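All values derive from a computational prediction rather than experimental measurement. Residue numbers begin at 1 in each chain, while the letters A, B, ... track the order of the sequences.
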Amino acid sequence: MKISALSPAELRRRLRSPGLYFRTGVFTACLRTRLEEVASTFALLYGDYPLVDGPYADFHLELAPPRGLRRWIRPQVAFHFDGEAPFKPLPRNQAFAMFEWGLNWCVSSLANHYLIIHAAVIEKNGRAAILPAPPGSGKSTLCAVLIRHGWRLLSDELALVRRSDFRLMPLPRPVSLKNASIDVMKRHAPDAVFSPSVSDTVKGTVAQMKAPAASIARADETALPGWVVFPRYEGGTPLTLTPVPRTRAFMRVADNAFNYAQLGAEAFEALAGVIAQSDCYDFRYSDIDEAVAAFEQLSMQGGPP
Amino acid sequence: MKWRLCRGQTLRLLSTDDESVIYNDRSGATHLISMPATRLLQRLQQAPADTATLAAFSALEWALEDDAELDHVVEALLAELDEAGLIEVCPS
């Protein structure tokens, strides 16, 4: 049963108590909140995710006003994980963004049975393209565009590599957009569903784009690695797709992995397994349509020998 | 003076034609090294060897003259690998 099957009243009742249990890819989360803005945005963006029965969840989360005067004066919201508050409170209007960031933090901090890379992951024709990139590179915008053009979303933020066989694990969640990319995507995909935009966050203005239902429906399907593409948006420049030696790609991806040092030799083996199966490129783009065409051409290539 | 692979090093490698990434089993670091350096490590994995032997190995490997210039290059590669903690001088 999907979250969208719940009536608005039942959704809110469960969110208040005992919490709403749902699955995103390989993880089960339980969300509790009395905040209406969180409930309404959650209903908007998470309708296609499967409900699960409690009480077990990988992550027990709560969004609630902090104690004291901040409930009323310049109100704030606190994020709780398993009863603890790992972050300082944020302005209350950032509550849903905080939920998304907090859930990402839970995965990137705790899911160490995977090698976790800060990267978007999309899949087509059975092969995954891993897009590692620092913030501001245009990774999320590119990901958001490509999943509207036949690529399956595995994740817009966290590439989870299963250490036993180097396959990528799906974690399809709403795509986080910021600043100019929000308007770019609203123009490019006027029929997509977006959360309300929230300004003055540490990342600027942020909003989330609903993940495609087809990607969520296939959240049990892992994918073999096929490409590692380092994207960079550079306005006004011609599109380039430049091969990167696998050794150099390895070092750059390792730099983007949350738990590479922590996992030691197993991380090396997992990443070597991914890179050995991947064609690696630097990708510079300034035009969305050209980027889509370039990735379409990439998707039709065979794998490395 | 003979060189050997540091104990515990298993030579976990990902290589291209020109270079390798190698995991340092002792320090946990990951190094980017040249293919000639990679081949020296693989030679030392078989058995310890002195600089002259390694220079002769490299001359054969890369079809070069075993001369003073090659000796100098091999010494530099060995110093790099020693610095990284991948090889060490055998105790006398």
More than 12 heavy atoms of other residues, nucleotides or ligands under 6.0 Å from [atom1] of [X]: is that the case?
X: Arg162(A); atom1: CZ; answer: yes
X: Asp17(B); atom1: CG; answer: no
X: His113(A); atom1: NE2; answer: yes
X: Gln42(B); atom1: CD; answer: yes

Using non-hydrogen atoms only, which part of Ser20(B) is less than 4.5 Å away from chain A: side chain, backbone, both, or neither? backbone
For Arg246(A) and Val21(B): C-alpha separation, side-chain torsions, deciding distance, then whether side-chain contact (heavy atoms from CB on, under 4.5 Å) applies. CA-CA 9 Å; Arg246(A) 289 198 173 101; Val21(B) 287; over 6 Å; no
Would you compute the distance between atom [atom1] of [X] and atom [atom2] of [Y] and round it to the nearest 0.5 angstrom?
X: Ile33(B); Y: Thr247(A); atom1: CD1; atom2: OG1; result: 10.5 Å
X: Leu14(B); Y: Leu271(A); atom1: CG; atom2: CG; result: 8.0 Å
X: His31(B); Y: Met251(A); atom1: NE2; atom2: CE; result: 8.5 Å
X: Phe250(A); Y: Ile22(B); atom1: CZ; atom2: CD1; result: 11.0 Å

Looking at every heavy atom in both Phe268(A) and Leu13(B), which two are closest together, and how far apart are they?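 In terms of heavy atoms, the two residues are closest at CE2-N, 3.9 Å.
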Report which part of Ala261(A) has an atom under 4.5 Å of a heavy atom belonging to chain B: side chain, backbone, both, or neither.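 Neither part.
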